[in-house]
Every structure is written in structure tokens, then in C-alpha cells.
Amino acid sequence: MRTPVIAGNWKMNGSSEMARDLCGQLTDKLIQAGETARNIDIVVCPPAILLHPVSDAIAGSPIQSGSQDIDQNTSGAYTGQTAASMVVDAGAKYTLVGHSERRTIFGETDEMVAAKTTTALEHNLTPIICIGETQQEREADQTEDVVKRQVLAIVENCGISALHHAILAYEPVWAIGTGLTASPEQAQQVHQFIRQQLAANDSAIAEGCRILYGGSMKPENASDLLAQDDIDGGLIGGASLNSTDFFAICAAAIQQAA
Ligand code: PGA
């Protein structure tokens, strides 16, 4: 049984006040939900500058924090960048790597994503590695080719054992922030394909690796997506900015885990 993960990606949103309010409200709801809330992993990924207030707000709660990115280098002359050691220092246990916005807006390549994965693991941060096809690639029937290339870049550059500690997030780019969601069957098909790619390298790692779905996951569709065999949680953008919605998605995962 893979422990479900619900991770919130705040993107470039929030403030220290919001960090306190949202995490405080979420903590209260999770405490009311009781011990079962401990059956899933809950992560909030604020902008790096808000990791400290988030850490303060989640102290003693089942929530953990993650950054949205790290630099692949450990320190030095990289103006504006944030090192893995710094996000660890601010309390983070996870980091997103290779989010589609990083890949498309900031030109991150498969090799950079692999380098960041290695750096994260070296700092005991759990990388949540984002992969997924664009609308154009889906229409050209290239979904499997694209996710296979993205997964193999990790396997070849980091070694399959990296996937023993890492989490994958399948996020079809056409579903991110658009309100369009992959149907549970569409998502399951790709998740199963991703797991098969891992299994071709190591069946135990494939069986244990958590693969999250991301792309307009919300309270209304979370249960159906999370019920799929190969969907082990969600990476939530817009709906993670509202404690009621984010908690409702956590509650759906808690129910599945029961
Ligand atoms: P969304 O974003 O839930 O707003 O579609 C998901 C993501 O980008 O991680």
C-alpha cells in the first residue's frame, strides 16, 4: 500500500499572513479529522521566502512543507537562486522539481531536472518530479513518448534507485490552471504507463513509487481520480490556496487510505 500524498503548489501567490491563516485553518481541520489524517502525507509548497512562516504555522501538525524549486548547485555565485540547504534550513522536507512552468517559462531541460533531483536527494529532500505532455503533444499522440523521455532522463542520469526516494507527479500541461482535468481513465492510463516504464528497470521500485496526478484537481473530482489504482495522490495548484478546498481534497485521500 502506497501512502497517498496531497501536495499544494502555491506558485507565486501568498504572503506571511496568508501562510499563517491558511496553514492554521488547515491544521485545525486536520486535528478535527483525528488520527486518520496521519495516514496520508500532506505537503504545502509556498514560495521559498514563505517557508519560514509556513514552518512556524505547521509546527506540531501533520502538514509538512516543500519548496517549489531548488538550484542544482549547492552554493556560490548564482544570484537570485535558492540552494537545497537553504530550504532544508527553513524546514522543508520536499521540493518540486521540473514543474511545467519551470520547463516552459524558465527553459529547464530534462538534464537540469535530473541534476536538481540528485541535489535534492543529496540534501535529504524528497523531490516531487513533475512530468507531462502539452496539448499539442497529446493531439499529436505523443503523450507516452514525452512522459517516457522525461522518466528515462531521471533513470539514466540519477539511477533507478533515485525513484525509491522520489515522487513523480503526472501533470498534463493542458490541464494545469485551465479547469480541464484529465478524466480518471485518461490519467490512470498514463500513470499505469509510467509505472510500467519504472518496472522495466526495477519492479519493486515501480510498485513502491508514488505517482501523483496534477492539473485542475479540486474537491469535485478528487475522489474519482484518487480511486484509480495507479494514482497515489495529487499535486494541487489553484485549489491549494483555499483551506476549505485543499482540506476537502485531503479528506478524499484520507477516505481512500482508510
Ligand atoms: P492547478 O495546478 O491545480 O491549478 O491546475 C497544478 C499545478 O500546476 O501543479
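Both ligands and their constituent atoms are indexed starting at 1 by order of listing.
- Considering both main-chain and side-chain atoms, Ser216 comes within under 3.5 Å of ligand 1 through a nitrogen or oxygen pair.
- For ligand 1 and Gly215, the ligand atoms under 4.0 Å from any heavy atom of the residue are 5 (O).
- Side-chain contact between Ile6 and Pro4: absent, with no pair of heavy atoms (C-beta onward) separated by less than 4.5 Å.
- Contact analysis leaves Ala169 out of contact with ligand 1, as no non-hydrogen atom separation drops below 4.0 angstrom.
- In terms of heavy atoms, Glu207 sits closest to Arg195 at O-NH1, 4.1 Å.
- If you look at Lys218 next to ligand 1, there are no close heavy atoms at all, none under 4.0 Å.
- Distance alone, capped at 3.5 Å, places no donor-acceptor pair between the Asp202 side chain and the Leu198 backbone.
- Taking the six-membered ring where the residue is Trp, Tyr170 and His191 present perpendicular rings, their angle passing 60° and hence far from 30°.
- Counting atoms of ligand 1 from 1 in the listed order, those under 4.0 Å from a heavy atom of Lys11 are 2 (O), 7 (C), 8 (O).
- Between Phe247 and Leu30, the shortest heavy-atom distance links the atoms CE1-CD2, 3.9 Å.
- Every atom of ligand 1 with a heavy atom of Ala175 under 4.0 Å away is listed here by number and element: 5 (O).
- Val43 is not connected to Phe246 by any chain of hydrophobic side-chain contacts under 4.5 Å among Ile, Leu, Val, Met, Phe, Trp and Tyr, and they are in different clusters.
- For ligand 1, the polar-atom distance check against His99 finds a nitrogen or oxygen pair separated by under 3.5 Å.
- Residues Thr119 and Ala84 approach most closely at CG2-CB, 4.1 Å, considering heavy atoms.
- Within the 4.0 Å heavy-atom criterion, both parts of Ile176, backbone and side chain, lie near ligand 1.
- The residue from Cys130, Ala7, Gly237, Ser100 that puts a heavy atom closest to atom 6 (C) of ligand 1 is Gly237.
- Not a single heavy atom of Gly214 sits under 4.0 Å from any atom of ligand 1.
- Atom 9 (O) of ligand 1 has its closest protein heavy atom at Glu171 OE2, 2.7 Å.
- Of the protein's non-hydrogen atoms, the one nearest atom 4 (O) of ligand 1 is Gly238 N, 2.8 Å.
- Counting all heavy atoms, side chain and backbone alike, Leu50 lies closest to Asn13 at CD1-O, 4.3 Å.
- For Ala239, the heavy-atom gap to ligand 1 stays at 4.0 angstrom or more.
- Contact between Gly237 and Lys11 at its shortest, heavy atoms only, is CA-CE, 4.3 Å.
- Applying the 4.0 Å criterion to heavy atoms of Gly177 picks out, from ligand 1, the atoms 1 (P), 4 (O), 5 (O).
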